[in-house]
Amino acid sequence: AVTVFDGEMELEFVSQVENAKICGIEILSKTFAAPAQYTLTATAGVNGSISPAGATSVIAGNSVSYTITPADHHHVDNVYVDGAPVGAVGSYRFDNVDADHTIRAEFAIDTYTVTASAGAGGSISPQNATVIAYGGSLAFQITPDAHHEVADVVVNGQSVGAVRSYTLSNINRDTSISACFAADTHTPTTTAGANGSVSPEGETQVPRGQSM
């Protein structure tokens, strides 16, 4: 018995002995109840897609696989099957379908962590870790304590100078920024007249508040 669903039956004959011939074929048809069919409905939020999308008719017992693809600089936030979350998966398969189902994919923009730190003698604001969406910006204020000055600001291992403010633009990776400070210095100059000496002689840098 062969069940035909699309109105066509293709027969292929393979010879088992030399010069085999077919004298005739008789086909007896019998009408069977059509198998149950179910509908799978797939939708996607903005910034991504799901394939196949829309409504898909499935014969009972068959399977359907879905591929979930985020747009550039986005990721799968969650996938919901019949309203229940199944996680941030990139694909999903319905096996042995025996009911109608829905599947929906939601997406979110990629985010990165900016970590800011300051050494002794000053502060940086905002400090610690800040989460920023792809392409975003973040401005920092670097403030030395009293009698201190900014010595250097380093972004991802590269010096950007002794600046009091700095803005990270078009953020597209995890980033670190750190500020270091130094005490204010003064430069006393010592000289000696004839027939004597003074040590140290010349210009000497001395941190503010220290003795020489």
Side-chain angles (χ1 to χ4, degrees), residues 6 36-119 122-144 150-181:
D6 58 2
Q37 289 193 350
Y38 299 101
T39 300
L40 305 183
T41 304
T43 58
V46 295
N47 299 313
S49 63
I50 187 169
S51 178
T56 301
S57 294
V58 184
I59 295 173
N62 284 358
S63 301
V64 178
S65 294
Y66 287 88
T67 301
I68 297 105
T69 306
D72 289 344
H73 311 304
H74 289 75
H75 59 275
V76 180
D77 186 50
N78 215 331
V79 175
Y80 299 85
V81 174
D82 297 332
V86 297
V89 297
S91 62
Y92 189 86
R93 180 181 173 91
F94 289 98
D95 286 315
N96 193 26
V97 174
D98 61 358
D100 293 338
H101 293 286
T102 63
I103 179 170
R104 179 171 177 80
E106 295 287 352
F107 306 91
I109 193 168
D110 293 341
T111 58
Y112 301 94
T113 300
V114 177
T115 304
S117 60
S123 63
I124 186 171
S125 179
Q127 193 168 352
N128 300 323
T130 303
V131 177
I132 299 294
Y134 169 83
S137 301
L138 186 61
F140 291 90
Q141 294 297 319
I142 297 98
T143 306
V150 179
D152 197 12
V153 175
V154 178
V155 176
N156 289 333
Q158 300 294 320
S159 172
V160 296
V163 295
R164 290 291 192 97
S165 64
Y166 190 83
T167 299
L168 295 171
S169 301
N170 193 28
I171 296 171
N172 57 16
R173 60 171 172 160
D174 291 339
T175 302
S176 65
I177 179 171
S178 60
C180 56
F181 306 89

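Starting from 1, each residue takes its place in the sequence as its number. Treat the numbers as computed from the prediction; the structure is a model and nothing was measured. The figures here come from the full heavy-atom set of this structure, side chains too, leaving out hydrogens, waters and symmetry mates.
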We want to know whether D110 and H75 form a side-chain donor-acceptor pair, criterion being a heavy-atom distance below 3.5 angstrom.
yes
Which pairs would a plain distance check flag for residues 80-98, meaning a side-chain donor or acceptor within less than 3.5 Å of a matching protein atom at least two apart in sequence or in another chain?
unit_1, atom_1, unit_2, atom_2, d
D82, OD1, T102, N, 2.8
D82, OD2, H101, ND1, 2.7
R93, NE, D95, OD1, 2.5
R93, NH1, S65, OG, 3.1
D95, OD1, S63, OG, 3.1

Name the atoms and distances for all side-chain donor-acceptor pairs under 3.5 Å in residues 42-55, with sequence neighbours left out.
unit_1, atom_1, unit_2, atom_2, d
T43, OG1, R104, NH1, 3.1
N47, ND2, H74, NE2, 3.4

Residue pair V150 / F181, side-chain heavy-atom distance below 4.5 Å
yes
Specify the closest pair of heavy atoms between Y38 and A60, including all atoms of both residues, with the distance to one decimal.
CE1-CB, 3.7 Å
F140 to P126 - nearest heavy-atom pair and separation:
CE2-O, 3.2 Å
In short, N172 meets Y134 closest at the heavy-atom pair CB-CE1, 3.6 Å
Distance-minimising heavy-atom pair for S57 and Q37
CB-OE1, 4.3 Å
Heavy-atom closest pair, residues S169 and S137
CA-OG, 3.6 Å
Less than 4.5 Å apart, side chain to side chain, heavy atoms only: is that true for Y66 and T56?
yes
Checking side chain to side chain contact (heavy atoms under 4.5 Å, CB included) for the pair Y112/I132: CA distance, chi angles, key distance, verdict?
CA-CA 5 Å; Y112 301 94; I132 299 294; 5.7 Å; no
Identify every side-chain donor-acceptor pair in residues 153-167 under 3.5 Å, counting partners at least two apart or on other chains, and give the distances.
unit_1, atom_1, unit_2, atom_2, d
N156, OD1, S176, N, 3.0
S159, OG, D152, OD1, 2.7
S159, OG, D152, OD2, 3.1
S159, OG, G161, N, 3.3

When rounded to the nearest 0.5 angstrom, what is the spacing between OG1 in T113 and CD1 in I171?
10.0 Å
